[in-house]
Colleague: 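Pasting a structure below so you can have a look.
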Amino acid sequence: MLFATRYAAAAASKRAFSTSVSQNAAKVAVLGAAGGIGQPLSLLLKANPTISHLSLYDLFNTPGVAADLSHINTTAKVTGHLPDNDGLKHALTDASVVVIPAGVPRKPGMSRDDLFNTNAGIVRDLATACAKFCPKAHVLVISNPVNSTVPIVAEVFKQHNVFDPRRVFGVTTLDVVRASRFVSENQDSKPEDAKITVVGGHSGVTIIPLFSQTPGLKLNESDIQALTHRVQFGGDEVVKAKNGGGSATLSMAFAGARFTNSLLDATVNGKKGIVEPTFVKSDVLANEGIEYFSTNVELGANGVENIQGLGDLTAYEHELLKAAIPELKKNIEKGYKFVHGN
Ligand code: NAD
Ligand code: LMR
């Protein structure tokens, strides 16, 4: 009798536990999941207990990647989808977060903008599918050139009357991950503790690290210039080292998982005070005619909750901003025109 009572209590507490787990559950779709970023990103996401269903879509190989990941003893169910049999529809239906690393990467000598002709169409078509099958999802764009692909997603969503600026994000996390790592090498400090603000966009001169905003750094002028250049062109270091084999994949997977996990913490787990940099529709540079910009953004239940401003800038940082504006404007307009055809 005592055993039965104890058993009933344990079963009730187990039920209570499973209820709370299923309440904090999210379906996350990765589009481009069989690629260089897609695979390690999916692996890292498989470890997040908030994800109840990880759905993997690519033009090939997702059944294999899904079968492999599905043997890992963490919460998420993993499914693999290909274009046939309405695969994209099944991958996206009920997704609350969609992460998009689909598209071609750079080779040495290329700029991110050189990827536009191939990736713009891929992102437009995937955004169209998101608008149809998961119009309320948060969409995280990794595919380059981010400065143009984010406006493409936004304009496609506007065409389908589903655009919510709180739910479309360009993933610029890798820039702060790099800044943090490079500064810690210079300062001989712990990389995890080096919190560096990076604003702007995600390509060359549009990436603007604001080292002056981290208290306690001991950087002279030439350190600041060298570190700024390294953060702006960190992607090129990897492209060059891979020598035709693509661009950053593993560090990007780390950065993409960090952003996705932060977003899930804010939107699903109700955590407060979560701040990540991200390229979103923003008024920060509205007076310059810039519609999308990356700054630190507080994430909340509905995605973007509070876009932080630029803060105080040094004269050098003002110069960086000045150099970024024309390039950023050009990139954003290019995305807009791709969708509207003028
Ligand atoms: P990859 O070639 O290794 O993988 C891309 C994957 O996308 C491939 O598996 C391909 O089959 C898939 N794909 C292509 N068209 C598709 C479609 N229509 N639907 C679904 N999947 C499709 O490339 P990668 O190294 O993973 O890089 C992917 C993208 O991410 C590139 O554009 C790269 O420039 C960009 N990137 C961005 C950042 C960032 O910080 N935002 C960092 C690194 C790379
Ligand atoms: C990066 O910053 O590593 C990515 O944008 C990929 C690239 O092309 O450099």
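It should be emphasised that the depicted structure is a prediction, and the values quoted were computed from it without experimental measurement.
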Colleague: Does anything in residues 41-67 form a salt bridge (charged side-chain N to carboxylate O under 4.0 Å, His left out)? List the pairs, not counting sequence neighbours.
Modeller: none

Colleague: Using modelled atom types only, decide if a donor and an acceptor are shared between the side chain of S52 and the backbone of A26 within a distance under 3.5 Å.
Modeller: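 Yes, S52 side chain to A26 backbone: donor-acceptor pair under 3.5 Å.
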
Colleague: Let's go through R230 and E237 carefully: what are the C-alpha distance in whole Å and the side-chain angles of both, what is the deciding distance for salt bridge (Lys or Arg N to Asp or Glu O under 4.0 Å) to 0.1 Å, and is it a yes or a no?
Modeller: CA-CA 9 Å; R230 198 161 177 220; E237 278 184 29; 2.7 Å; yes

Colleague: Please name all residues satisfying ring-ring contact (aromatic ring centres under 6.0 Å, His included) with H229, sequence neighbours left out, ordered by chain then number.
Modeller: F233

Colleague: Is V104 isolated, or which residues cluster with it under the ILVMFWY side-chain rule of less than 4.5 Å, directly or via members?
Modeller: M110, L115

Colleague: Starting from L69, can I reach I37 by hopping between I/L/V/M/F/W/Y residues whose side chains sit under 4.5 Å apart?
Modeller: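 Shared cluster, yes.
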
Colleague: Start with the C-alpha distance between S294 and T172, add both sets of side-chain angles, then the distance that settles side-chain hydrogen bond (donor to acceptor under 3.5 Å, both in side chains), and finish with yes or no.
Modeller: CA-CA 8 Å; S294 179; T172 56; 3.1 Å; yes

Colleague: Salt bridge or not between E333 and K329? Use side-chain N to carboxylate O under 4.0 Å.
Modeller: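 No, no charged N to carboxylate O under 4.0 Å.
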
Colleague: Of all heavy-atom pairs between A154 and F163, which one has the smallest distance, and what is that distance?
Modeller: CB-CE1, 3.5 Å

Colleague: Just checking, any donor-acceptor pair under 3.5 angstrom between side chains of S189 and S184?
Modeller: no

Colleague: Under 3.5 Å, is there a donor-acceptor pair between the T79 and H81 side chains?
Modeller: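 Distance-only check passes for T79 and H81.
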
Colleague: Answer whether the closest heavy-atom distance between the side chains of T128 and H160 falls below 4.5 Å.
Modeller: yes

Colleague: Are L263 and V275 linked, directly or through other ILVMFWY residues, by side chains that come within less than 4.5 angstrom of each other?
Modeller: no

Colleague: Under 4.5 Å between any side-chain heavy atoms of V168 and F157, yes or no?
Modeller: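 Yes. Closest side-chain heavy atoms under 4.5 Å.
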
Colleague: Taking 4.0 angstrom as the limit, do E276 and R258 come out as a salt bridge?
Modeller: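 Salt bridge: yes.
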
Colleague: Shortest non-hydrogen contact from V123 to S143?
Modeller: CG2-CB, 3.7 Å

Colleague: Can you name the nearest heavy-atom pair linking T206 to A324, along with the distance?
Modeller: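 Nearest pair, atom of T206 first, then A324: CA-CB, 3.7 Å.
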
Colleague: Which atoms form the tightest heavy-atom contact between L321 and L310, and what is the distance?
Modeller: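 Minimum heavy-atom contact is CD2-CD1, 3.8 Å.
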
Colleague: Heavy-atom count around K89 NZ within 6.0 Å, excluding the residue itself: above 12?
Modeller: no

Colleague: Between V280 and I307, is there a side-chain heavy-atom distance shorter than 4.5 Å?
Modeller: yes

Colleague: Regarding Q308 and T295, do their side chains bring together a donor and an acceptor under 3.5 Å, going by distance alone?
Modeller: no

Colleague: What is the minimum heavy-atom distance between R112 and N144, and which atoms define it?
Modeller: CD-OD1, 3.5 Å

Colleague: Does any non-hydrogen side-chain atom of I142 lie less than 4.5 Å from one of L140?
Modeller: no

Colleague: Counting C-beta onward and ignoring hydrogens, is there a side-chain heavy-atom pair between S96 and T267 closer than 4.5 Å?
Modeller: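 They are not in contact (no side-chain heavy atoms under 4.5 Å apart), so the answer is no.
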
Colleague: Between K107 and S247, do the side chains contain an N or O donor and an N or O acceptor separated by less than 3.5 Å?
Modeller: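 Judged by distance alone, the side chains do not pair up.
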
Colleague: Hey, which of V28, L82, V65 is the one that makes side chain to side chain contact (heavy atoms under 4.5 Å, CB included) with L56?
Modeller: V65

Colleague: For P165 versus V304, what's the shortest heavy-atom pair and its separation?
Modeller: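 What the structure gives for the nearest pair is O-CG2, 4.0 Å.
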
Colleague: Whether the D175 and H202 side chains hold a donor-acceptor pair (N or O, under 3.5 Å, no angle test) is what I'd like checked.
Modeller: yes

Colleague: Can you check side chain to side chain contact (heavy atoms under 4.5 Å, CB included) on F211 and V231, steps first, answer last?
Modeller: CA-CA 11 Å; F211 296 114; V231 173; 4.2 Å; yes

Colleague: Go through the steps for E288 and L328 under the test side chain to side chain contact (heavy atoms under 4.5 Å, CB included), then give the verdict.
Modeller: CA-CA 11 Å; E288 300 282 353; L328 206 44; over 6 Å; no

Colleague: Let me see the working for T74 and I51 under side chain to side chain contact (heavy atoms under 4.5 Å, CB included), right down to the final yes or no.
Modeller: CA-CA 9 Å; T74 55; I51 301 176; over 6 Å; no

Colleague: Would you say that more than 12 heavy atoms from the other residues, nucleotides or ligands in this model lie under 6.0 Å from the CD of E221, or not?
Modeller: no

Colleague: For D312, does the CG atom have more than 12 heavy-atom neighbours from other residues, nucleotides or ligands under 6.0 Å away?
Modeller: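 Counting neighbours around CG of D312, 12 or fewer heavy atoms of other residues, nucleotides or ligands fall under 6.0 Å, so no.
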
Colleague: Tell me whether K136 is salt-bridged to D164, with the criterion being a basic N under 4.0 Å from an acidic carboxylate O.
Modeller: no

Colleague: So do I100 and V139 actually touch side chain to side chain, heavy atoms under 4.5 Å?
Modeller: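 Yes, their side chains come closer than 4.5 Å.
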
Colleague: With a 3.5 Å cut-off and no angle check, do the side chains of D113 and S148 form a donor-acceptor pair?
Modeller: no

Colleague: Just checking, any donor-acceptor pair under 3.5 angstrom between side chains of S203 and E327?
Modeller: no

Colleague: Strictly below 4.0 Å, N to O, side chains only: are E291 and K158 in salt-bridge contact?
Modeller: yes

Colleague: Keeping the roles fixed (side chain from K242, backbone from P108), state whether a donor-acceptor pair exists under 3.5 Å.
Modeller: no

Colleague: Would you indicate whether the side-chain heavy atoms of V205 and L320 approach each other to under 4.5 Å?
Modeller: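 With C-beta onward as the side chain, the pair stays apart.
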
Colleague: Take atom CG in D283; do more than 12 heavy atoms of anything else shown fall under 6.0 Å from it?
Modeller: no

Colleague: Determine whether the aromatic ring centres of residues F259 and F169 are separated by less than 6.0 angstrom.
Modeller: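 Centroid distance F169-F259: below 6.0 Å, so yes.
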
Colleague: With heavy-atom distances below 4.5 Å as the criterion, would you say the side chains of V183 and L217 are in contact?
Modeller: yes

Colleague: Determine whether the side chains of T149 and N119 contain a donor N or O and an acceptor N or O closer than 3.5 Å.
Modeller: no

